[in-house]
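Letters A, B, ... mirror the listed sequences (proteins, then strands); counts begin at 1. Worth knowing before you read on, the calculation uses all heavy atoms, side chains too, and leaves out hydrogens, waters and symmetry mates.
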Amino acid sequence: MHDINAIRENPDAFDEALKRRGVASVSSDLLARDDARRKAIQTAQELQTKRNEASKKIGQAKGQGDEAAAQALMEEVAGLKEDLQQAEDTERQLKADLEAALSVLANVPLDDVPDGADEGDNIQLRQWGTPRQINNPRQHFEIGEALGQMDFEAAASISGARFVVLRDDLARLERALGNFMLDVHTQEFGYREMSPPVLVRDEAVFGTGQLPKFAEDLFRTENGFWLSPTAEVTLTNLVREQILNHASLPHRYTALTQCFRSEAGSAGRDTRGMIRQHQFNKVELVSIVDADSGEAELERLTQCAETILQKLELPYRVMLLCTGDMGFSARKTYDLEVWLPGQDTYREISSCSYCGDFQGRRMNARYRADGEKSTHFVHTLNGSGLAVGRTLVAVLENYVNDDGSITVPDVLQAYMGGVQKIEVSQ
RNA sequence: GGAGAGAUGGCUGAGUGGUUGAAAGCGGCGGUCUUGAAAACCGUUGAGCGUUUACGCGUUCCGGGGGUUCGAAUCCCUCUCUCUCCGCCA
């Protein structure tokens, strides 16, 4: 959510910033709404003042037992009630209108974010690792099906398209990956492990920015819950409607959760395999910081995610997203893309974003420095550390042997009960 | 799922439709006293919005949202949450 006061102070800068994201100039419309709203507030307040004064006098008259005087006063303000009702309704409506207009506007990019239309304009910042020599590289679903441990047909018969059943060591590998990631983030980087709900309410999803604009990307239960598309929603909303002590910042949270996405807009994309599913596991990283620490925290958070790939010895590159490819709530985003030999390309496995106070404002989450009277909205960051399903895909494609077996990466063997190689199921 | 009871400031907890933003206590902050501290005593202590160069002024807020009334913490409706009993359940 944007600060209407800031827009009022510098409408041109606001329009320029959103123009970089391809959003047409809206400040004049917003300011017109704001102006009308503030006029309505003043009108309502003047009427309220009159009413309060009259009511006080009536109260005094009645207190002194002077019914006649009270009656006269009541007749005097008889017409006020309707006017006031109308003024308050108008104010309420104008406020809602302004908020509705603001709530669908994307966040403004930081200055060092490159302009661009789509992913083709993203900038590669660095690259890590050298791809292994793999004879006859295959895609993960071919490898997994040949192992007899990745079953899309079974999943389709139970749940339909975009689901998978993992069996035996691949199921265990998925669990191992999640546990490994959580341990690194909690033990090496100081994130607090959380186990949040995955069914969430409107307010939470609004807070992080998926609502109201992207409702069609989410699943909704019949009784009005949303299935959380990412633990970003729950971890970030942990601080909603709170005033935190400045000294307690930063808060760093991590969680391994299932994530649910309708993939409404992606028909025909990645239809085979585990890359794009309705349900997947992800380890999420969320940081709640003060107004000065966001950009440094983004570098730190990204490093935390990169560390997972490095420990797994999976080659990857770091992309700085251009304005056209960034998510709704982000001011700046780094994507980590892992090397997939079977696809002969890099694919997104983590997205790390700095959101400024955009989500803090939507959640009404603030902090206050010791001894200070005023509060500030928290700044928020989130990133995948990592998407577990896609990491499993990357392990399969990068660690496959000529005979179709999978060498278990060193750091995962302890999490696999010592299993060093995944072989074809009997 | 059935029946019932609740939600008041940082915390505990009063509150009769009428100068109630709200008693009292605790806590916090400032002061007196003290070498220093404690104790005691005195004072002070919520948030949002609008307006103003500023001091200030106005207004809203007693879980959220509506309503009744000249006037609502107080009455009505609704939602959320908490608790108790019964039922069911991992």
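Atom CE in A/M74 sits roughly 11 Å away from atom P in B/U69 (whole-Å rounding). If you take NZ of A/K62 and C1' of B/C70, they are 9 Å apart, rounded to a whole angstrom. Straight-line distance from the CD atom of A/Q242 to the P atom of B/G48: 16 Å, rounded to whole Å. Going from atom CD1 of A/I4 over to atom P of B/G48 covers 19 Å, rounded to whole Å. Atom CG of A/N364 and atom P of B/G48 are 9 Å apart (whole Å). Whole-Å rounding puts the A/E9 CD to B/U53 C1' distance at 15 Å. Between the NZ atom of A/K81 and the C1' atom of B/U68 there is a distance of 7 Å, rounded to whole Å. Whole-Å rounding puts the A/E241 CD to B/G48 C1' distance at 14 Å.
Place A/G59 and A/R38 on RNA chain B by their nearest nucleotides, and A/G59 ends up nearer the 5' end. Residues A/L84 and A/K56 each lie close to RNA chain B; by heavy-atom proximity, the contact nearer the 5' end of the strand is made by A/K56.
When the P atom is used for both B/G18 and B/U34, the distance is 49 Å, rounded to whole Å. Taking atom P in both B/C41 and B/A24, one finds a spacing of 15 Å when rounded to whole Å. Taking atom C1' on both B/A47 and B/U35, the two are 42 Å apart, rounded to the nearest angstrom. Going from the P atom of B/C89 to that of B/A5 covers 28 Å, rounded to whole Å. Taking the P atoms as reference points, B/U84 lies 31 Å from B/C26, given to the whole Å. B/A40 and B/G46: their C1' atoms are spaced 28 Å apart (whole Å). Spacing of C1' atoms, B/G48 relative to B/G9, comes out at 15 Å, to the nearest Å. Straight-line distance between the P atoms of B/U59 and B/U78: roughly 32 Å, to the nearest whole Å.
A sub-4.0 Å separation between OP1 or OP2 of B/G48 and a side-chain N or O of A/T375 is present. Between A/R366 and B/A47 there is no side-chain N or O to OP1 or OP2 distance below 4.0 Å.
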Donor-acceptor list for residues 192-204 of chain A side chains, cut-off 3.5 Å, not counting sequence neighbours:
from, atom 1, to, atom 2, distance (Å)
A/D202, OD1, A/R220, NH1, 3.4
A/D202, OD1, A/W226, NE1, 2.6

Validation: residues 78-90 of chain A side-chain donor-acceptor distances under 3.5 Å, sequence neighbours left out:
from, atom 1, to, atom 2, distance (Å)
A/E88, OE2, A/Q48, NE2, 2.9
A/D89, OD1, A/R92, NH1, 3.4
A/T90, OG1, A/Q86, O, 2.8

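In this structure, the side chain of A/H185 does not engage the main chain of A/L285 through any donor-acceptor pair within 3.5 Å. A/Q210 places no side-chain N or O within 3.5 Å of a backbone atom of A/P229 that could act as its donor or acceptor partner. Although no hydrogens or angles enter the test, the distance criterion places a donor-acceptor pair under 3.5 Å between the side chain of A/R362 and the main chain of A/F206.
Contacts between residues 192-208 of chain A and RNA chain B, counted as heavy-atom distances below 4.0 Å, involve A/R201.
Among pairs with a residue in residues 30-43 of chain A, those fulfilling salt bridge (charged side-chain N to carboxylate O under 4.0 Å, His left out) read A/R8-A/D34, A/D29-A/R33, A/D34-A/R37, A/D34-A/R38, A/D35-A/R38, A/D35-A/K39, at least two apart in sequence or across chains. Within the structure, every pair that satisfies the salt bridge (charged side-chain N to carboxylate O under 4.0 Å, His left out) test and touches residues 266-284 of chain A, not counting sequence neighbours, is listed here: A/E145-A/R272, A/E263-A/R276, A/D270-A/R276, A/D270-A/R347, A/K282-A/E284.
Residues that satisfy the salt bridge (charged side-chain N to carboxylate O under 4.0 Å, His left out) test with A/E174, not counting sequence neighbours, are absent from this structure. Residues that satisfy the side-chain contact (heavy atoms from CB on, under 4.5 Å) test with A/A291, not counting sequence neighbours, are A/Y367, A/H379. Residues meeting the salt bridge (charged side-chain N to carboxylate O under 4.0 Å, His left out) test with A/R21, sequence neighbours left out: none. Residues passing the side-chain contact (heavy atoms from CB on, under 4.5 Å) test with A/A414: none are found, sequence neighbours excluded. The salt bridge (charged side-chain N to carboxylate O under 4.0 Å, His left out) check on A/D12 picks up nothing, with sequence neighbours excluded.
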Encode nucleotides 56-67 of chain B as B, S and - characters from 5' to 3', where the letter depends on protein heavy atoms closer than 4.0 Å: B to the base, S only to sugar-phosphate, - to neither.
--BSS-----SS
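Ring geometry for A/F328 versus A/F214: interplanar angle over 60°, hence perpendicular rather than tilted (30 to 60°).
Nearest nucleotide to the side chain of A/R8, out of B/U19, B/G71, B/G50: B/G50.
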Given the rule that a pair is Watson-Crick or G-U wobble with both distances under 3.5 Å, how would you write RNA chain B in dot-bracket, using | for pairs to a different strand?
((((((((.[[[..)..(.....]]]((((((.......))))))((((((....)))))).[[[[[..)....]]]]])))))))....
